[in-house]
Amino acid sequence: LAQVPRIALVPCVDLAAEVDAAATSELAVVRMGVEGHLLAHALVVLHGDDARAVAAVLTGRPAPTLGALERSAVQECANIVAGAYLAALAGLTGRTSMLAPPQLHCGAADAALGAALRETACPGGTVLCIESALRVRDREVPIRAWFLLVPSPGGLHALLDAVGLA
């Protein structure tokens, strides 16, 4: 179950602050290409502890580190989150898109976020940022996740125009 507490348009240079990450804090950033009517990249960002909690729930075992199975679980969770948001956008715009296979970047926030963003058209651009709270069984505190949509150049205006916000 996901709650959507906040949606914002954020300059690319402000993303680390937007996801509450100090330069040295640990992040898991999953990047997926978006193809179809919307050309973009989708990123799902989790703090390190939250990524390990997701992995533990999905694998059914403790995840003190992110090995191959745990990394796969985090990628699958990100794929589900990104797919849900893209489906919602398709419902609003009538334009469908598909996700490319996910790539996970883990480590210090500046390195993980930087590695994921280098593959996008983000530098100098604006990102649609949706902060979410994911409710997970047997966990009282929701897991915070950020869905970032990094449109191709000109894509943000086209997206906002499609939903009547341009």
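Keep in mind it's a predicted model, so treat the numbers as computed, not measured.
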**Fill in**
The reported gap from CZ in Arg144 to CG in Leu134 (rounded to nearest 0.5 angstrom) is 11.5 Å
**Request:** Decide yes or no for Val10 and Thr126: does some side-chain heavy atom of the first lie under 4.5 Å from some side-chain heavy atom of the second?
**Result:** no
**Message:** Run the side-chain hydrogen bond (donor to acceptor under 3.5 Å, both in side chains) test against Asp49 and tell me which residues pass, sequence neighbours left out.
**Reply:** Arg52
**Considering all heavy atoms, the nearest Gly67-Glu70 contact** = N-OE1, 3.0 Å
**Gap separating the CG atom of Leu89 from the CG atom of Leu128, nearest 0.5 angstrom** = 7.0 Å
**Asked** Between Cys106 and Ala28, what is the shortest heavy-atom contact and its length?
**Response** SG-CB, 4.1 Å
**Request:** Under the ring-ring contact (aromatic ring centres under 6.0 Å, His included) rule, collect the residues that match up with His47, sequence neighbours excluded.
**Result:** Trp146
**Fill in**
Minimal heavy-atom distance between Val44 and Met32, with the atoms involved, is CG2-CE, 4.1 Å
**Request:** Return the set of residues passing side-chain hydrogen bond (donor to acceptor under 3.5 Å, both in side chains) with Arg95 (not counting sequence neighbours), or none when no residue passes.
**Result:** none
**Item:** Worked check of side chain to side chain contact (heavy atoms under 4.5 Å, CB included) between Thr120 and Leu43
**Value:** CA-CA 10 Å; Thr120 73; Leu43 282 71; 4.3 Å; yes
**Reported CG-to-OG distance for the pair Leu27 and Ser25, which is rounded to 0.5 angstrom** = 5.0 Å
**Complete:** Output for pair (Glu35 CD, Thr96 OG1), nearest 0.5 Å, gives 12.0 Å
**Item:** CG-OG1 distance between Leu69 and Thr59, expressed to the nearest 0.5 angstrom
**Value:** 5.5 Å
**Asked** Distance-only, no hydrogens or angles: does the Ser97 side chain make a donor-acceptor pair with backbone N or O of Leu38 under 3.5 Å?
**Response** yes
**Request:** Report whether Leu86 and Leu9 are members of the same hydrophobic cluster (ILVMFWY, side-chain heavy atoms less than 4.5 Å apart, transitive linking).
**Result:** yes
**Complete:** On a heavy-atom basis, the closest approach of Phe147 and Ala42 is CE1-CB, 3.8 Å
**Any residue meeting side-chain hydrogen bond (donor to acceptor under 3.5 Å, both in side chains) with Gln103, in chain and number order, not counting sequence neighbours** = Arg31
Would you list the atom pairs, donor with acceptor, under 3.5 Å between side chains in residues 71-81 and any protein atom, with sequence neighbours excluded?
from	atom 1	to	atom 2	distance (Å)
Arg71	NH2	Leu104	O	3.4
Gln75	NE2	Pro102	O	3.4

**Message:** I'd like to check the side chain to side chain contact (heavy atoms under 4.5 Å, CB included) partners of Ser152; sequence neighbours left out, ordered by chain and number.
**Reply:** Leu39
**Message:** Quick check on side-chain contact (heavy atoms from CB on, under 4.5 Å): which of Leu113, Leu117, Leu148, Val150 does Cys12 satisfy it with?
**Reply:** Leu117
**Message:** On a heavy-atom basis, which atom in Leu149 and which in Ala40 lie closest, and how many Å separate them?
**Reply:** CD1-CB, 3.8 Å
